[in-house]
Each structure stands twice: as structure tokens, then as C-alpha cells.
Amino acid sequence: MEQFTTTQQQRLTELNAEPEFINMRFEDPSERDNIFRKTEANLVRRNKEKLTKLLDEGRKPLAIQIEERLKEWLTKAEGFTQVTTPTIITASMLDKMTITKDHPLTNQVFWLDSKRCLRPMLAPNLYTVMRDLNKITKAPVRIFEVGSCFRKESQGAQHMNEFTMLNLVDFAGIKDGRQMERLKELAKDAMKVIGIADYELEIEKSEVYGETMDIVRGELEIASGAYGPHFLDPKWGVFEPWVGIGFGIERIAMSMGNYRTIKRIGKSIAYLDGSPLKL
Ligand code: ATP
Ligand code: MG
């Protein structure tokens, strides 16, 4: 029995062929090559059609649509304000997150020089902005940011070095003891807005980080939520209850679009909205 050659398999994978198909077996090489040629042509046509449709009609890749739906929901229905903060942050900002030696993120930071790095998360900037806004208004602060975060990852199908996080924080408007309830409410509403019904909320307790809540679909973590009072809060001059959730935009798109690898749907010059550009 014959299998597709490695090159054929790579090409089929690139074109989004089903894994079962890629592992098919054949009587002889000529049958295999025939089927490869036909399938490749079909897949190329399908990907071309999809790209043409995007250019002519949809205009917005799935990841962008997800981002926009969440932004619309947060600003119009939930009273959150969008902020944008720098992608380059200082070492001292990172220190305040206590990303010390035993923290999993320590070795994942992209340093620009001894004092500056690319942000691996949005939390340091959001802590600062929410605290300052609360000082001015003396009222609850609801803000969110959506932007690139950077982590040195061992790659794999679910991780990219640059990915898009949407991080919301609801500060000083929640009764102590009600944080998990609020987190669940926000998670459920977010999933509804995006159109995901089959997800789980996984709650974990940790000595250091308190309770956390992940939104998981199948085996894939699509978002992580946490709340305070938290041991980091005093360093940021934050003393009131808050909840926050970080959504991985490409993880959500990957899951909704049924893509097996995240890089197809992420920021890329090789793929657009899941389709390869080398057709
Ligand atoms: P994981 O355990 O899957 O590596 P994490 O728990 O380290 O993720 P968080 O810090 O919770 O990630 O980040 C919030 C969300 O951002 C995650 O739930 C995930 O959806 C997304 N995310 C995190 N790292 C990456 C990455 N390298 N590439 C794409 N998305 C990511
Ligand atoms: Mg997480």
C-alpha cells in the first residue's frame, strides 16, 4: 500500500485538506499521484474562491469579525471604554507583575534592550489606566484593550509568537464575593455574542493567584479570567475588587473556523483568513 509522499502531504496540509484524507492509502503510486493531482486542483480552486469572496464581499477575516463583535458588545451594551496602550513596555512594569524566575512567562519575554520589552500581556498597562481613571472619576471603571502580545513559544498548533488579546477589566463596581459570578456572566455573554454555544468554564483555585476561570472549547483554551483583590494589586495602588478576562482572538477564530493550526488565522503574510497565499 502507498501513502502520499511527504511533499504531497505538506501541500495538502497547506491547502486545508482533511487529516483523514492526507493519511489515505493507495494500491500503487500512479493511483496515488492521480488522486493527489485532482485533489490539489480542487483545493486550490476552493481556497481561491474563498479568497475572492473575502475580497469581493465579506472584506473582514473571521478574526476581525470576532474582534469587532466583542468590541461592539462591550462599548454599546456593557459600558466598557476602549483604550490603546503601547506594545513596548518597560522592565519595571513587568517586574510589578512579578514575572520572576519561576513564572512561566519569564523565558517567553522578547527583550528589546535591558530596559524595554514587547508586552507579553495587557495587564500591566490596564492596571495603570484603570487605577488612574478611578482616581479621577471615583466611580467604577470598565475598560478593555485589544492588541498584539508577544511570547517566545515553542510554537505548535495553538501558539504564535505574536497574537491578539482582547483584555477587559471591570474595576471597583463589584461587591466583594461576587467576582466569580461577574466573571461567569461576562464569559457567557461574550460567548453568546460570538456565537459559541459549546464551551466549558473551568474554575481553578491557586494559593497565589486566587481563583481563575478559563473558557475552554474542546481541548482549546480560548480565554482566561482572574479577579482581585489579588496579591499584585497593592503594587499598582489598586485596592478594590475587579474582574478581568483575556480572550485569545486567534484561538477563537481557529476554533470557530475549524482550523487545525493557529498560524493560518493569525497575523501573517503567508495566509489570509485561513487560506494560503501561495496557491
Ligand atoms: P496557554 O496555556 O494556552 O499557553 P496561557 O494560559 O499562557 O495560554 P493567557 O496568559 O491566559 O495564556 O492568555 C490569555 C489568552 O490568550 C489565552 O486563553 C489564549 O486564548 C491566548 N493566548 C495565549 N498565548 C497565546 C499564543 N502564544 N498564541 C495565541 N494565543 C495565545
Ligand atoms: Mg490562561
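Just so you know, ligand 1 is whichever comes first in the structure, and atom 1 is the first atom listed for that ligand.
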*Using 2.8 Å as a strict upper limit, say whether an N, O or S atom of E221 approaches the Mg ion (ligand 2) that closely.*
yes

_Counting non-hydrogen protein atoms only, what is the nearest one to atom 21 (C) of ligand 1? Give residue, atom name and distance._
G248 CA, 3.6 Å

*asked:* Report whether any nitrogen, oxygen or sulfur of S224 sits less than 2.8 Å from the Mg ion (ligand 2) (N, O or S, backbone or side chain).
replied: yes

*Which of the atoms of ligand 1 are close to H159, meaning less than 4.0 Å from one of its heavy atoms?*
1 (P), 3 (O), 4 (O), 26 (C), 27 (N), 28 (N)

*Locate the shortest heavy-atom distance separating G274 from K50; write the atom from each residue and the value.*
CA-NZ, 4.5 Å

*Could you list the atoms of ligand 1 found under 4.0 angstrom from a heavy atom of I222?*
18 (O), 20 (O)

_Minimal non-hydrogen separation, Y199 against I215, with atom names_ = CD1-CG2, 4.0 Å

*Out of curiosity, is M121 lining ligand 1, as in a heavy atom under 4.0 Å away?*
no

*Going by the atom numbers of ligand 1, which of them fall below 4.0 Å from some non-hydrogen atom of I262?*
29 (C)

_Only heavy atoms of E153, strictly under 4.0 Å: list the atoms of ligand 1 that pass._
24 (N), 26 (C), 27 (N)

_Please determine whether side chain to side chain contact (heavy atoms under 4.5 Å, CB included) holds for the pair M180 and I203, giving the CA-CA distance in whole Å, both sets of side-chain angles, and the decisive distance to 0.1 Å._
CA-CA 9 Å; M180 187 46 81; I203 295 159; 3.8 Å; yes

*Do you know which two heavy atoms are closest between P241 and Q179, and how far apart they sit?*
CB-NE2, 3.5 Å

*Can you tell me the protein heavy atom closest to atom 28 (N) of ligand 1 and the distance?*
M160 N, 3.1 Å

*Evaluate the ring planes of H230 and W242, with Trp represented by its six-membered ring, and classify them as parallel (under 30°), tilted (30 to 60°) or perpendicular (over 60°).*
tilted

*Quickly, which of D33, T13, T39 forms a side-chain hydrogen bond (donor to acceptor under 3.5 Å, both in side chains) with Q8? Name it, please.*
D33

*Which protein heavy atom lies closest to atom 14 (C) of ligand 1, and at what distance to 0.1 Å?*
M165 SD, 3.5 Å

*Note the single closest protein heavy atom to atom 15 (C) of ligand 1, along with its residue, its atom name and the distance in Å.*
G246 O, 3.7 Å

*asked:* Considering non-hydrogen atoms of the protein only, which is the closest contact for atom 12 (O) of ligand 1, and what is the distance?
replied: R151 NH1, 3.2 Å

*Between K263 and Y271, is NZ or CZ placed under 6.0 angstrom from the six-membered ring centre and within 45° of the ring axis?*
no

*Specify the closest pair of heavy atoms between R217 and S255, including all atoms of both residues, with the distance to one decimal.*
NH1-OG, 2.8 Å

*asked:* Checking a contact table here: which protein heavy atom is nearest atom 26 (C) of ligand 1, and how many Å away?
replied: F163 CD2, 3.3 Å

*Closest non-hydrogen protein atom to atom 19 (C) of ligand 1, residue and atom name please, with distance?*
R251 NH1, 3.5 Å

*Does atom NZ of K152 have more than 12 heavy-atom neighbours, drawn from other residues, nucleotides or ligands, at distances under 6.0 Å?*
yes

_Which residue and heavy atom of the protein sit nearest atom 8 (O) of ligand 1, plus the separation_ = E221 OE2, 3.7 Å

*asked:* Taking 4.0 angstrom as the limit and counting only heavy atoms of S224, give me the atoms of ligand 1 inside it, by number and element.
replied: 11 (O), 18 (O)

*Does atom CZ of R260 have more than 12 heavy-atom neighbours from other groups under 6.0 Å away?*
yes

